J.: 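Mind having a look at this structure? Questions to follow.
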Amino acid sequence: FAVDNICGTGVFRVNGGNAQCSNVVMGATWQKGINSASSRSSIIVDDGNFKIDNLVVGGHPVVAGAKSVAVNGGRLEIGSMKGMTGDSIGFRLYLNGGELSLGNLATFSANSSSDNVIVANGGKIVASKSDINLTSDNTLNSMSLGAKGVTIDTNGHRVNLYKSTTGTGAIVKDGEGTLDVGWMAKHTGGFVVNGGLLLMSGTEARHFFGPVVVKDGAAVSVSATGDTLVSSMTFEGSATASVAGTLTLNEGASFSFKD
């Protein structure tokens with residue numbers, strides 16, 4: 001089915017089939033923009049396909065996770081996203097499977113350092129436009145990864161992944177385009193680069209990364225101004241690397257090439 005507008009509170013769930021909506025406003029009325037701490041709303045995709053052209057999230061509830069989007073399977077496509085009142089507190093995006101296509105990700109704030117805007121344990125994020133900031137400094141757009149990690153398909157675009165990323169799951173980069181990462185000190189799962197470019201950048205004195213595996217035809221570039229430390233780096237087939245900054249292997253680490 002297809003509708004123009006969905007707004008208010010409650011749960012909207014897709015279990016199969018195809019659905020499309022031009023505008024979705026979470027936790028508020030369309031006419032007056034009313035929003036309160038008690039206004040909870042969720043979008044859950046278990047199967048099927050749901051396309052949202054414009055997603056607006058009501059701002060400043062006091063309860064973490066009061067507004068949430070969960071993708072457990074199927075595919076959710078969000079063309080554009082924004083917070084109704086600027087930096088909105090309490091929004092959560094859960095990715096447990098399936099595919100999430102993003103045109104952008106608005107800037108959201110966590111209630112505390114233990115809160116995360118993106119919580120991923122499996123599934124894939126696909127960029128439909130360039131310069132998407134999945135995470136940023138401090139607690140803005142932070143991301144926590146479970147053991148299954150997350151796949152990020154840059155899809156010919158540029159996706160930015162900055163400081164606030166934690167967890168043990170690997171980040172798998174698919175597709176052409178660039179994944180720009182910096183200062184991943186609290187993320188130990190490392191990277192697997194299947195295609196395109198993994199760009200290690202940033203201006204901090206030291207940058208920390210876990211193991212990095214660069215597959216045949218993919219590339220990694222180190223351009224951070226400080227030291228870039230990795231636990232291991234493996235190149236397979238015709239994978240390439242360029243180093244403009246300083247690349248340091250941790251004690252006991254390996255640097256290897258495989259046919």
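Index from 1, following the sequence. None of the values given here were measured: they were computed from a predicted structure.
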J.: Under the rule for salt bridge (Lys or Arg N to Asp or Glu O under 4.0 Å), what residues qualify as partners of Lys148, not counting sequence neighbours?
T.: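 Applying salt bridge (Lys or Arg N to Asp or Glu O under 4.0 Å) to Lys148 gives none.
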
J.: Report the C-alpha separation of Val69 and Leu100 in whole Å, then their side-chain angles, then the decisive distance to 0.1 Å, and conclude whether the side-chain contact (heavy atoms from CB on, under 4.5 Å) test is met.
T.: CA-CA 10 Å; Val69 172; Leu100 172 65; 5.5 Å; no

J.: Output, in order, the C-alpha distance, side-chain angles, deciding distance and verdict of side-chain contact (heavy atoms from CB on, under 4.5 Å) for Leu198 and Val181.
T.: CA-CA 7 Å; Leu198 175 67; Val181 298; 3.9 Å; yes

J.: With rounding to the nearest 0.5 Å, note down the distance linking CG in Asn104 to OG in Ser80.
T.: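 That separation rounds to 4.5 Å.
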
J.: If you take all heavy atoms of Ile43 and Phe50, which pair is closest and at what distance?
T.: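 Looks like CG2-CE2, 4.0 Å.
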
J.: Locate the shortest heavy-atom distance separating Ser238 from Gly217; write the atom from each residue and the value.
T.: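 Ser238 and Gly217 have their closest heavy atoms at OG-N, 3.4 Å.
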
J.: Which is it for Ile78 and Val24 under the side-chain contact (heavy atoms from CB on, under 4.5 Å) test, yes or no, and what are the steps along the way?
T.: CA-CA 10 Å; Ile78 300 175; Val24 174; over 6 Å; no

J.: Please give me the minimum heavy-atom distance between Ala127 and Ile132, naming the atom from each residue.
T.: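 Minimum heavy-atom separation between Ala127 and Ile132: CB-CD1, 3.8 Å.
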
J.: Under the side chain to side chain donor-acceptor pair (under 3.5 Å) test, which residues partner Lys124, sequence neighbours left out?
T.: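 Partners of Lys124 by the side chain to side chain donor-acceptor pair (under 3.5 Å) criterion come out as none, since no residue qualifies.
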
J.: Sequence neighbours left out, what passes side chain to side chain donor-acceptor pair (under 3.5 Å) with Asn18? Give chain and number order.
T.: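 Checked Asn18 against side chain to side chain donor-acceptor pair (under 3.5 Å); matches are Asn49.
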
J.: Quick one: side chain to side chain contact (heavy atoms under 4.5 Å, CB included) partners of Asp46, sequence neighbours excluded?
T.: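 Residues passing side chain to side chain contact (heavy atoms under 4.5 Å, CB included) with Asp46: Arg13, Asn15, Ile44, Asn72.
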
J.: State plainly whether one hydrophobic cluster holds both Ile171 and Met233, where clusters connect Ile, Leu, Val, Met, Phe, Trp and Tyr through side-chain heavy atoms under 4.5 angstrom apart.
T.: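 Yes, one cluster joins them.
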
J.: Roughly how far, to the nearest 0.5 Å, is NZ of Lys173 from OG1 of Thr151?
T.: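 Output value for this atom pair is 11.0 Å.
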
J.: Output all residues satisfying side chain to side chain donor-acceptor pair (under 3.5 Å) with Ser130, sequence neighbours left out; order by chain, then residue number.
T.: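 Here the qualifying residues are His157.
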
J.: Short question: side chain of Asn96, backbone of Gly122 - any donor-acceptor pair under 3.5 Å?
T.: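 Absent.
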
J.: Sequence neighbours left out, what passes side chain to side chain contact (heavy atoms under 4.5 Å, CB included) with Gln20? Give chain and number order.
T.: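 Side chain to side chain contact (heavy atoms under 4.5 Å, CB included) check on Gln20 returns Ala2, Lys51, Asp53.
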
J.: Name every donor-acceptor pair, under 3.5 Å, that has one atom in a side chain of residues 189-197 and the other anywhere in the protein, sequence neighbours excluded.
T.:
from	atom 1	to	atom 2	distance (Å)
Asn194	ND2	Asp174	OD1	2.8

J.: Where do Thr154 and Gly175 come nearest, in terms of heavy atoms and distance?
T.: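 Minimum heavy-atom contact is OG1-O, 3.7 Å.
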
J.: Using the rule that two of Ile, Leu, Val, Met, Phe, Trp, Tyr join whenever any of their side-chain heavy atoms come within less than 4.5 Å, decide whether Val159 and Met81 are in one cluster.
T.: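 Same cluster.
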
J.: Mind checking what makes salt bridge (Lys or Arg N to Asp or Glu O under 4.0 Å) contact with Arg75, not counting sequence neighbours?
T.: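 Result, salt bridge (Lys or Arg N to Asp or Glu O under 4.0 Å) vs Arg75: Glu77, Glu99.
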
J.: Side chain to side chain contact (heavy atoms under 4.5 Å, CB included) with Ser128: which residues, sequence neighbours excluded?
T.: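 Here the qualifying residues are Ser101.
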
J.: Hydrophobic clusters here meaning ILVMFWY residues chained together by side-chain heavy-atom distances under 4.5 Å, can you tell me if Leu145 and Leu102 are in one?
T.: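 Yes; tracing contacts between hydrophobic side chains, which count when under 4.5 Å, links both residues.
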
J.: Quick one, Val150 with Ile118, criterion side-chain contact (heavy atoms from CB on, under 4.5 Å). Give me CA distance, side-chain angles, the key distance, then yes/no.
T.: CA-CA 11 Å; Val150 67; Ile118 303 174; over 6 Å; no

J.: Would you say Leu161 and Val212 are hydrophobically clustered, going by side-chain heavy atoms of ILVMFWY under 4.5 Å?
T.: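 Yes, because Leu161 and Val212 connect within a single hydrophobic cluster, where side-chain heavy atoms sit under 4.5 Å apart.
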
J.: So if you build clusters from Ile, Leu, Val, Met, Phe, Trp, Tyr with side-chain heavy-atom gaps below 4.5 Å, do Met200 and Val172 land together?
T.: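 They do not share one cluster, since no chain of ILVMFWY contacts under 4.5 Å joins Met200 to Val172.
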
J.: Hey, which of Asp131, Asn133, Asn160 is the one that makes side chain to side chain contact (heavy atoms under 4.5 Å, CB included) with Asp180?
T.: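 The residue from Asp131, Asn133, Asn160 that satisfies side chain to side chain contact (heavy atoms under 4.5 Å, CB included) with Asp180 turns out to be Asn160.
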
